[in-house]
Amino acid sequence: MKFFVDSADVAAIAELNDLGMADGVTTNPSIILQSGRDILEVTKEICSIVSGPVSAEVVAPGAEEMIAEGRKLAGIAPNIAVKVPLTWDGLKACKVLSGEGHMVNVTLCFSVNQALIAAKAGATFISPFIGRLDDINLDGMDLIADIRQVYDNYGFETQILAASVRNVNHVAQCALVGADVMTAPPAVIRSLAHHVLTDKGLDQFMKDWAKTGQKIL
Ligand code: G3P
């Protein structure tokens, strides 16, 4: 499973990239707001750090404007994936932009049918939002599993990019059900290393080591 970093925090992205844990990056208007930076500038900087796909989202409501915005965003770097919303206009933009050879990430997916039509419109990635389904007492992971089955049934090549990943359990479950990619904030990716028994075991090893009076260096 590929790891994308759901952030525009350049320092955090660079650290994860150095560790081999940034196969790509996803952004959205909220993430750009949080960064406090200009979308074109920060996206260009991210693309210079990460060699994999970097999603940058259009904001226009209509297909024609989305296509124009998408072309401009795609001009930032060859590894841009243009992100469009899962609306009828977004699907029209997806079809045109993917037909021009651009990677397209169709976002805000909350149903299998939405994922099905995004694949038919040529999406490179489909982004189902797990956490936001959990928020309304549905099971976001069921949606990932259902899309996996439908895409496999018909051989769609659209990659399932599990988004709105909020915790380590989401990451493990994404890997178990076969998401192609999961995107998570840097803090969630870092917390994958944490385990209470690791901390407890290391604490004991350090106490015992101190008692030996030895040094390695
Ligand atoms: O990848 C989509 C993500 O940025 C949304 O996450 O936690 O706001 O639902 P969240």
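One-based numbering, in listed order, for ligands and for the atoms of each. Positions are given from 1 along the sequence.
The closest donor-acceptor contact from the side chain of Ser127 to the backbone of Thr107 lies at 3.5 Å or more, if one exists at all. Within the 3.5 Å criterion, the main-chain N or O of Ile49 finds a donor-acceptor partner in the side chain of Asn17. Panel note: side chain Thr27, backbone Ala8; no donor-acceptor pair is recorded below 3.5 Å.
In plain terms, the two heavy atoms of Met1 and Val171 that are nearest each other are CE-O, 3.6 Å. Of all heavy-atom pairs spanning Leu97 and Val84, the tightest one is CD1-CG1, 4.5 Å.
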Need the list: ligand 1 N/O atoms against protein N/O atoms, distance under 3.5 Å, rounded to one decimal.
| unit_1 | atom_1 | unit_2 | atom_2 | d |
| --- | --- | --- | --- | --- |
| ligand 1 | 1 (O) | Asp6 | OD1 | 3.4 |
| ligand 1 | 1 (O) | Asp6 | OD2 | 2.9 |
| ligand 1 | 1 (O) | Ser164 | N | 3.4 |
| ligand 1 | 4 (O) | Asp6 | OD2 | 2.6 |
| ligand 1 | 4 (O) | Asn28 | ND2 | 3.1 |
| ligand 1 | 7 (O) | Arg166 | NE | 2.7 |
| ligand 1 | 8 (O) | Arg132 | NH2 | 2.8 |
| ligand 1 | 9 (O) | Arg132 | NE | 2.7 |
| ligand 1 | 9 (O) | Ser164 | OG | 2.6 |
| ligand 1 | 9 (O) | Arg166 | NH2 | 3.0 |

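For Lys44, there are no side-chain hydrogen bond (donor to acceptor under 3.5 Å, both in side chains) partners two or more places apart in sequence or in a different chain.
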